[in-house]
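Atoms within a ligand are numbered from 1 in the order they appear, just like the ligands themselves. Given the structure is predicted, the values throughout are model-derived calculations rather than measurements.
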Amino acid sequence: KRFLPAVLVQKAATGDLTLDLRPEPRLITVLFSDIVGFTQLSNTLRSRRVAELLNEYLEAMTKVVFGNGGTVDKFMGDAILALYGAPEELTPNEQVRRAINTARAMHRSLAELNQRWRNQGVFDGDRLTSVQFRCGIHQGTAVVGMFGSAERADYTAIGPSVNIAARLQAAAVPGTILVSAAVADYLQEEEITKGSPLELKGVDETVLTFAVIPEVMVN
Ligand SMILES: C[C@]12CC[C@@H]3c4cc(O)c(O)cc4CC[C@H]3[C@@H]1CC[C@@H]2O
Ligand SMILES: [Ca+2]
Ligand SMILES: [Mg+2]
Ligand SMILES: [Mg+2]
């Protein structure tokens with residue numbers, strides 16, 4: 001197949017290809033991250049340099065997602081959609097642990113990238129001195145599997161849970177991780193601070209939100 005989805009490449013690397021990828025509803029945890037300031041930065045740099053920076057960022061973040069047992073579903077510009085519990089089944093608790101550890105490690109990895117970019121003068125033409133990370137994490141059901149046709153298919157997750165994770169990200173204070181109650185239920189009290197409820201268009205119930213402090217999570 002011309003487009004082998006990243007998840008299959010990832011599984012081939014770990015020797016596990018006994019996967020049933022037909023779409024099925026499943027409880028998963030969705031991590032949606034985005035950068036604040038990348039578009040502004042791209043206005044001050046030539047496009048080839050912007051592409052280099054974006055690739056450097058996506059490479060670093062992909063290493064972090066894989067290193068914490070997640071699946072990279074897709075990139076949308078500088079936004080990253082990662083899944084926990086698909087295609088590899090994981091307990092809800094394990095999904096949350098991996099997603100939170102990923103978000104914290106992504107945060108640390110971007111801090112290192114910002115330092116490197118500052119040293120390279122990337123921000124010299126702009127009042128920005130760094131780009132910031134926003135992340136939303138939600139646990140809920142989605143239909144996961146290969147979507148498309150025999151000619152072109154893509155492994156992804158479909159459903160409101162993906163939208164909720166993305167909206168949590170957009171509502172997060174830059175530099176923070178915002179999670180839903182379903183995720184907060186698995187975290188220690190001292191790790192979270194209550195955020196304001198999120199009204200989501202297209203989703204009828206209000207989503208309670210919790211900001212996660214950037215300490216390493218206790219197992
Ligand atoms: C996940 C989604 C594509 C990314 C969309 C997004 C992107 C982005 O960079 C943001 O800052 C916020 C959002 C919110 C809606 C998201 C959409 C809901 C269904 C669709 O598949
Ligand atoms: Ca995909
Ligand atoms: Mg965005
Ligand atoms: Mg973006």
Ligand-residue contact atoms, ligand 1 with [X], heavy atoms, under 4.0 Å:
X: Q169; value: 10 (C), 11 (O), 12 (C)
X: M76; value: 3 (C), 4 (C)
X: R167; value: 14 (C), 15 (C)

Worksheet entry | E112/R116 salt bridge by N-O under 4.0 Å criterion |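 Salt bridge flag = no for E112 with R116.
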
Discussion item. Going by a strict under-4.0 Å cutoff (protein heavy atoms only), does atom 9 (O) of ligand 1 have a neighbour on the protein?
Written reply: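 Yes; the ligand atom in question has protein heavy-atom contact below 4.0 Å.
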
Worksheet item: Quick one: does atom 19 (C) of ligand 1 have a protein heavy atom under 4.0 Å from it?
Response: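 Flag for atom 19 (C) of ligand 1 set to false, no protein heavy atom closer than 4.0 Å.
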
Worksheet item: Do any N/O atoms on D34 end up under 3.5 angstrom from N/O atoms on ligand 1?
Response: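 There is such a contact, yes.
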
Discussion item. What I want to know is whether N163 and ligand 1 share at least one N or O pair that is separated by under 3.5 angstrom.
Written reply: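 No, N163 has no N/O under 3.5 Å of an N/O on ligand 1.
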
Worksheet item: Of the protein's non-hydrogen atoms, which lies at the shortest distance from atom 6 (C) of ligand 1, and what is that distance?
Response: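 Checked against all protein heavy atoms, atom 6 (C) of ligand 1 sits closest to F32 CZ, 4.1 Å.
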
Practice prompt. Give the residue and atom name of whichever protein heavy atom lies nearest to atom 1 (C) of ligand 1, and the separation in Å to one decimal.
Written response: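 So the nearest neighbour among protein heavy atoms is V162 CG1, 3.9 Å.
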
Practice prompt. To the nearest 0.5 Å, tell me how far R98 CZ sits from T91 OG1.
Written response: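 So the CZ of R98 and the OG1 of T91 are separated by 8.5 Å.
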
Worksheet item: Just wondering, more than 12 heavy atoms not from E190 lying within 6.0 Å of its CD?
Response: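 Buried by this count: over 12 neighbours within 6.0 Å.
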
Discussion item. Using the rule given for salt bridge (charged side-chain N to carboxylate O under 4.0 Å, His left out), can you reason through R46 versus E52, listing the C-alpha separation, both sets of side-chain angles and the distance that settles it, and then say yes or no?
Written reply: CA-CA 10 Å; R46 52 189 174 72; E52 285 168 7; 5.1 Å; no

Worksheet item: Does D34 put an N, O or S atom under 2.8 Å from the Mg ion (ligand 3)?
Response: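 Yes.
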
Discussion item. Considering A170, A166, A172 one by one, which has a heavy atom nearer to atom 13 (C) of ligand 1 than any of the others?
Written reply: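 Nearest option to atom 13 (C) of ligand 1, by heavy atoms: A166.
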
Item to complete: May I ask you to check whether Y155 and T71 show a side-chain donor-acceptor distance below 3.5 Å?
Response: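 There is no such pair (donor and acceptor under 3.5 Å, judged by atom type) between the side chains of Y155 and T71.
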
Worksheet item: Do N163 and R167 get their side chains close enough for a donor-acceptor pair, meaning under 3.5 Å?
Response: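 Looking only at side-chain atoms, R167 and N163 do form a donor-acceptor pair, the distance falling under 3.5 Å.
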
Discussion item. Taking L90's backbone N and O only, do any of them form a donor-acceptor pair with Q95's side chain (distance below 3.5 Å, no angle check)?
Written reply: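 A pair under 3.5 Å: yes.
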
Worksheet item: Just by modelled atom types, is the T206 backbone N or O under 3.5 Å from a matching donor or acceptor in the E199 side chain?
Response: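 Not a single qualifying donor-acceptor pair exists.
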
Discussion item. Checking one value in my table: which N/O/S atom of D78 lies closest to the Mg ion (ligand 4)?
Written reply: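 In D78, the heteroatom (N, O or S) nearest the Mg ion (ligand 4) is OD1.
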
